[in-house]
Amino acid sequence: MTAAILVIGATGTTGKELAKRLAKNGHKTRATVRPTSDKRELQALGVELVQADLSDVVSLVKAMGGIQKVYFATPLVPNMVELSSSIIRAAKSTGVKHLVKLSGGGAEIELDTMAKWHRAVEREIEQSGITHTFLRSNSFMQNFSNFSSHTIRDHGAFYAPHGDGKTAYVDARDIAHVAYRVLAEEVHQNKAYYLSGPEALSGAEIANILSSATGKVIKYVDVPAEVARTSMLGAGMTAEIVEVLLEHYRIMKLGYTARVSGAVEEIIGHKATHFEAFAQEERKAFV
Ligand SMILES: NC(=O)c1ccc[n+]([C@@H]2O[C@H](COP(=O)([O-])OP(=O)(O)OC[C@H]3O[C@@H](n4cnc5c(N)ncnc54)[C@H](OP(=O)(O)O)[C@@H]3O)[C@@H](O)[C@H]2O)c1
């Protein structure tokens, strides 16, 4: 990989891990940022930063100048399909050769609204004729450190309405490693991969693992959807996204996110990260 690679969403959960891996392996790496983005980590890595906003296709066209390969993760927002469309149009007009999209598990069957949005973007990429790879990822392990660590620290508990449903959580660093290989190896072109962790775990099992890793009692509390709705709205999330997430929790409760795939291991050449290892490494976030 001699030409620079562009990472869109490089301050996000998977994008920052990919930017790190690319930069540390000596690849020329460019990342889109906004005036409000926290750029410190990317600057320390020597990543080239360009200002671009997903709602401004002209800024994306400029960011893609001289670029052949793009990885993108878009925020979970109601206009995700429209924002992704700007990326696809910019890539088409600048002659990008390979688009790697962070997608969602179940996109192929449009399992829920989130998966439908991802599939709509995938379809537009297929129709654009641009060589692509779709990384259909299950829920990230990092959701616990990103979104639940404050209640775990303050109350020794995390709250969610997914009952006893199991999920094969995947480490975002494994997703970034997969993206890295996919960008480097032609064999992954025009393929879609479902990425999961190595085992499906219930909320209670996750709580036990986090308890062992931290040495403090951590509980999973299965809350009614109504309580989760009130809490998410109270945290400032929009009503539309709250309903999309509640629908996803129902899917989790029914066991649709428990499927384990070997794709991570097949692509990166070693086993996908177990939740125990993630919990050990991230233990400080929970105490
Ligand atoms: N969380 C999961 O379990 C999971 C599982 C599978 C798939 N996904 C998918 O992952 C995606 C979210 O990824 P993530 O967790 O990495 O998201 P994230 O942490 O929220 O990061 C979003 C990234 O997008 C950038 N961004 C947001 N709005 C932008 C705009 N208007 N213009 C340019 N950049 C913008 C942000 O940059 P700033 O720093 O400037 O804000 C940030 O780099 C969603 O598509 C979701 O469906 C998530």
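Computed over heavy atoms, backbone and side chain alike; hydrogens, waters and symmetry mates excluded. Remember, it's 1-based here, ligands and their atoms both numbered in the order they're listed. Index from 1, following the sequence.
The ligand atoms of ligand 1 that sit less than 4.0 angstrom from a heavy atom of Ser103 are 6 (C), 7 (C). The contact set between ligand 1 and His118, taken as ligand atoms under 4.0 Å from a residue heavy atom, comprises 45 (O), 46 (C), 47 (O). Numbered from 1 in the order shown, with element, the atoms of ligand 1 that lie under 4.0 Å from a heavy atom of Ser139 read 3 (O). Of all atoms in ligand 1, listed by their number and element, those nearer than 4.0 Å to a heavy atom of Ser37 are 38 (P), 39 (O), 40 (O). Interface atoms of ligand 1 facing Asn143, defined by a heavy-atom separation under 4.0 Å, are 1 (N), 2 (C), 3 (O). Every atom of ligand 1 is numbered from 1 in the order shown, and the set under 4.0 Å from a heavy atom of Thr14 is 16 (O). Near Pro75, meaning under 4.0 Å from one of its heavy atoms, ligand 1 places the atoms 24 (O), 27 (C), 28 (N).
The protein does not reach atom 17 (O) of ligand 1 closely, with no heavy atom under 4.0 angstrom from it. Per-atom contact check: atom 20 (O) of ligand 1 does not touch the protein, criterion being a heavy-atom distance below 4.0 Å.
Checked against a 6.0 Å centroid threshold, the rings of His150 and His155 do not count as neighbours.
For the atom pair Lys219 NZ and Asn208 CG, the distance stands at 9.0 Å (nearest 0.5 Å).
In terms of protein heavy-atom proximity, atom 31 (N) of ligand 1 is closest to Asp53 OD1, 3.1 Å.
Residue nearest to atom 32 (N) of ligand 1, selected from Leu135, Leu54, Asn79: Leu54 (by heavy-atom distance). Nearest residue to atom 13 (O) of ligand 1 from Leu42, Thr74, Ile8, Val33 is Thr74 (criterion: closest heavy atom).
Arg136 does not count as a contact of ligand 1, since none of its heavy atoms falls under 4.0 Å from the ligand. Residue contacts with ligand 1: Ala10 is included, with a non-hydrogen atom under 4.0 Å away.
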Worked verdict on Thr32 versus Leu49 for side-chain contact (heavy atoms from CB on, under 4.5 Å): CA-CA 6 Å; Thr32 59; Leu49 303 182; over 6 Å; no
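With a 4.0 Å cut-off on non-hydrogen atoms, Thr11 touches ligand 1 through its backbone as well as its side chain. Residue Ala172 does not touch ligand 1, judged by heavy-atom distances below 4.0 Å. Residue contacts with ligand 1 for Asn138 involve N, CA, C or O but no side-chain atom from C-beta outward (heavy atoms, distance under 4.0 Å). Under 4.0 Å from ligand 1, not a single heavy atom of Gln142 appears.
Across Lys116, Arg136, Lys101, Lys191, a single residue satisfies salt bridge (Lys or Arg N to Asp or Glu O under 4.0 Å) together with Glu122, and that is Arg136.
Listed by chain and residue number, Phe158, Tyr169, Phe275 satisfy the ring pair (Phe, Tyr, Trp, His ring centres under 6.0 Å) test with Phe144 (two or more places apart in sequence, or in another chain).
Pairs passing the salt bridge (charged side-chain N to carboxylate O under 4.0 Å, His left out) check and including a residue from residues 237-248, sequence neighbours excluded, read Arg229-Glu243.
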